[in-house]
Amino acid sequence: MAAPPRRPLLTLLAGLLVVASLATLAEAIYEDQVGLADWHQKYIGKVKQAVYHSQKSGRRRVVVLTEENVIASLDLRSGDIFWRHVIDKNDLLDQLSLSLGKYGQMIWETNLQTSTASNPQLHVMPNSKVTKDNLVLVSAGRWIYAVSSIDGSISWEKELSLDGLETKQILQSPENDIVYAVGIARSSKLALYHLSAKTGEVLKDIQESLPGELSGEIVLGSDDVLVALNKARSSLFLIKFNSGRISYNKVHVSDLVQDLSGTFKLQSLSNGVIALQTPSTVSLLKLKDTDGLEVVQRFDQPAALSDALTIAEKDQAFAVVRHVGSQIEFIVKFTSDVSSEIIREKVNIDQHRGNVEKVFLNSYIRTDKSHGFRALVVMEDHSLLLIQQGKVVWSREDGLASIVDVTTSELPVEKDGVSVADVEHNLFEWLKGHMLKLKGTLMLANADEVAAIQALRLKSSEKNKMTRDHNGFRKLLIVLTKAGKVIALHTGDGRIIWSNLLPSLRASRFGVMPSALRIYQWQVPHHSVMRENPSVLVVGKSGAESSAPGVFSILDSYSGEELNAMKLDHSVVQIIPLTLKDLSEQRLHLIVDSNSNAHLYPKSPDALDVFLHEMPNLYFYSVDILANVIRGYSLQKSCDIEGDEYCFSTKELWSIIFPSDSERIAISETRKMNEVVHTQAKTIGDHDVMYKYLSKNLVFVATVSPKAAGDIGSALPEEASLVAYLIDAVTGRILHRVTHHGAQGPIHAVLSENWVVYHYFNLRAHRFEMAVIEIYDQSRADNKDVMKLILGKHNLSAPITSYAGPEVVVKSQSYFFTHSVKAMAVTQTAKGITSKQLLIGTISDQVLALDKRYLDPRRSANPTQQEKEEGIIPLTDSLPIIPQSFVTHSHQVEALRGIVSIPAKLESTTLVFTYGVDLFYTQLAPSRTYDSLTDEFSYALLLITIAVLVAAIIVTWIWSKKKELRDKWR
């Protein structure tokens, strides 16, 4: 029978990676500067599968597969990453198993073609007489493939005869010469196939129809009995294969577990032991052939079970890890005697890690030849722990690999009575340190002295103190992870200051899976509330649906303590942070629900008064990608909800409906709310003045043609187009529109001040491009008349309104760009004086800092002398990639997703935080540090120079006096 329509579905990675020391790459900083102003942290994400293995050298490793599509090998002694491979999210990894387990680089890669709706299963056969290597069996739908673990070649492939079959289990005979495939067709028909492990030939085919439909969840109860769950999840079928026939028995779940509620799953532990798990309980069931099941033991606390681990020839062990008060309990049992316990240990852990979600058991031989056990434990906050001998050997905060949002907080002010002088060195050490710095300056220091200089700089820089500094470099990076955990990182070295897994965002709280959405600054104390701690606001949803109620949580920025938590009585569709504050310095936020009502927070009379005063000037817009429409709204004083004075209805003012047959919305961007603009005027080379169009209501929208909405190459150049819009969000007026023919996404854009830069792919040129649009306010052109300025006949103080119909002038240009882009941002500084740089996350997972001057639309091939004096760079068709401009140096931020620029108090410097699976932080000075001395400045050399000059002056003065005296005696 012919194969179904083929598509790439599964990629097998054999061998799994190893080893490797990375070659040292050149960086744009000196060797003794590494780590002074930047740090890089590597993570792997939430582990979903783990396999232990040992090397001949005695090193024990565990190979893990994570939800971030990472395969990694961890050292069991320390938890450090031995090697790691991050796979693209488009090649989703489903299962992991060890085959050869010898090398650490990719040995081969094989693409298998299957039907669309299949759910692949992986099974590695151990070496046997009938196979020369370990066959890797992959089942998907009706197809079964046998792949060689040596070279990745397909040894055989077989399509099973039953229509609609979905293979659920791959088993093998004790002699390894027969492969058993168990599947379900049309929800109620069970099929068992016996295949030759050598050729894939079907030796036997058994089929049986069962009463009622099956859910598809099947586990192996014993060697010849399967346990299947029905679709209503109320009954279990015990199915026995005997002499080519199928017999079954039906057992009601309620007869086994009386007070069962919520969802549950089955897990086979071998030797006829099956676990029935719910979010709050675990029941161990013993199989009595097909006569039924009996409950052997029940755990009433949330618990997780490991898979069975073979200890002896006919015995296997498994682990149960559960919460008992403020501790977790580690229990190990044999499947042959579930009622007894080998190990029962209580372990103290951080309470902000949540419940235990997964356990991977491993054994080792003690000095007395008995079996010891250790367990790799995955927690609810995505962290990873190794438990052994009643304690946590090591832990990893791998929830930081799934950051969804970032905000910042200032550190506390240094208290009275605490002085930096308390930690100063004595005079001898002070002189010794300056002598070392002098030797380093003169390049006379050896390797040990260079290390001592670096350690001295790290200590003297005070970058790790828990108080704010006058330059604004020391801050807290407060991140929100996918697990609903909030973590505060110190910018000095990236260490975790505090963490809090929010109860309001835990799945066990509501019985559904909540989701964390955004994190914002809630209270930033100034003036009268200076003694209060700052706080942050976390907004989430209690479910996956758009109508799910929202969740609020307010945390203290210094301690992580949850100050307030509430489950909202409305949904969260759009979050609008406002620039307004109440008297307690709490920032106002609007939450728009699915009924288009806007809810004001905080709910206080003071906040309401401030909001009502500014409400006539507040507008917002929404982008509905599915409906292909953008709408603008104003706020009304009343709401449909009676008695809620903090609820406001919305009025649609305008809408732009894009024709779906020619345009699809791809991206929308607006200016950062906290962006500071130093000046509204731009002086050009001929001393003329151009006024920037600086409306905060400016919105950039890009659309693509429907055929160009897919991956690159999915459309022909004639079928592809990209249209860029600049829209006023108050009136819906389209200020500018430009079409790029033969262009398609993915599109990345950033909007700052009066310009927007966006990145796309040019199908005609087969290259990536970056385009820039700058928009200027022509209505203020008359202000260039000096006499009008002197006489006060100017309109600089006239109010700016979107309804006035602005006269704008637009300048644009496009350039070729070498790299594909993952993320884009723009540098932000305290006063907006420093030149802007684009921060571009490239396909190589590095961050490139590109000077905005390269994206000046006024660039020309032959700039005039005046333009050269202005600093305009001669036009080239491509934007330059300067190796020294990579702010991540030689580091890679794997699976890079976001870039954040944070202003420091020092105008020349911005703080850059980049996150993906890894984290990277650094300080960046786009126009160099023009307002401070660098850390490398040698004060000792300055003092010596001054001393030498003073001595030279004195000696010269003495010589001059002596010469003058001699001249008088002549």
Side-chain angles (χ1 to χ4, degrees), residues 1-14 93-97 99-100 108-210 214 216-220 223-224 226 228 239 241 243-246:
M1 187 177 291
R6 294 178 174 264
R7 70 176 183 89
L9 176 75
L10 184 65
T11 299
L12 296 180
L13 303 178
L93 299 176
D94 297 308
Q95 287 183 268
L96 170 73
S97 183
S99 177
L100 299 179
W108 51 259
E109 181 181 52
T110 298
N111 290 329
L112 303 178
Q113 317 293 331
T114 66
S115 61
T116 305
S118 59
N119 182 24
Q121 303 287 327
L122 178 68
H123 180 78
V124 178
M125 293 184 62
N127 204 344
S128 66
K129 299 177 183 178
V130 297
T131 57
K132 296 181 180 180
D133 59 23
N134 300 345
L135 284 180
V136 179
L137 300 180
V138 181
S139 65
R142 295 166 56 187
W143 286 84
I144 298 179
Y145 300 87
V147 182
S148 169
S149 61
I150 294 178
D151 57 8
S153 61
I154 299 177
S155 299
W156 53 263
E157 56 184 286
K158 187 68 179 179
E159 184 186 24
L160 304 179
S161 57
L162 186 59
D163 290 338
L165 182 71
E166 182 69 27
T167 306
K168 297 296 182 181
Q169 286 274 357
I170 295 289
L171 310 170
Q172 63 189 80
S173 64
E175 298 79 15
N176 298 330
D177 57 346
I178 296 178
V179 174
Y180 301 103
V182 181
I184 298 175
R186 294 181 294 276
S187 301
S188 60
K189 194 162 191 177
L190 189 73
L192 172 65
Y193 289 87
H194 296 213
L195 294 90
S196 168
K198 186 176 183 179
T199 63
E201 178 186 358
V202 177
L203 305 177
K204 190 180 294 185
D205 175 7
I206 308 170
Q207 300 178 13
E208 182 73 23
S209 295
L210 300 178
L214 299 177
E217 189 171 342
I218 298 178
V219 298
L220 183 66
D223 292 340
D224 57 354
L226 291 173
I239 305 162
F241 303 93
S243 302
R245 300 186 61 184
I246 296 178

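Fair warning: this is a prediction, and the values are worked out from it, not measured in the lab.
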H194 versus I206, closest heavy-atom pair with distance: NE2-CD1, 4.4 Å
Rounded distance (nearest 0.5 Å) linking atom CD of E166 with atom OG of S139: 7.5 Å
Considering all heavy atoms, the nearest L220-Q169 contact: N-NE2, 4.2 Å
Separation between OH of Y193 and CG of L203, rounded to the nearest 0.5 Å: 13.0 Å
From I178 atom CD1 to L171 atom CG, the distance as rounded to the nearest 0.5 Å: 12.0 Å
N/O donor-acceptor pair under 3.5 Å between T167 side chain and A140 backbone: no
Spacing of L162 atom CG and K189 atom NZ [to the nearest 0.5 Å]: 5.5 Å
Main-chain N/O of S149 paired with W108 side-chain donor or acceptor, under 3.5 Å: yes
Result of checking D94, V138, I170 against L122 for side chain to side chain contact (heavy atoms under 4.5 Å, CB included): V138
Non-hydrogen side-chain atoms of D163 and R186 separated by less than 4.5 Å: yes
Verdict with supporting geometry, L96 and L93, side chain to side chain contact (heavy atoms under 4.5 Å, CB included): CA-CA 8 Å; L96 170 73; L93 299 176; over 6 Å; no
Atom of T110, atom of G152 and distance for their closest heavy-atom approach: OG1-O, 2.7 Å
Gap separating the CG atom of L190 from the CD1 atom of I239, nearest 0.5 angstrom: 4.5 Å
Shortest non-hydrogen contact from A197 toward L135: O-CD1, 3.5 Å
Closest non-hydrogen atom pair, D205 against S161: OD2-OG, 3.9 Å
Smallest separation among heavy atoms of I144 and A181, with atom names: CD1-CB, 3.6 Å
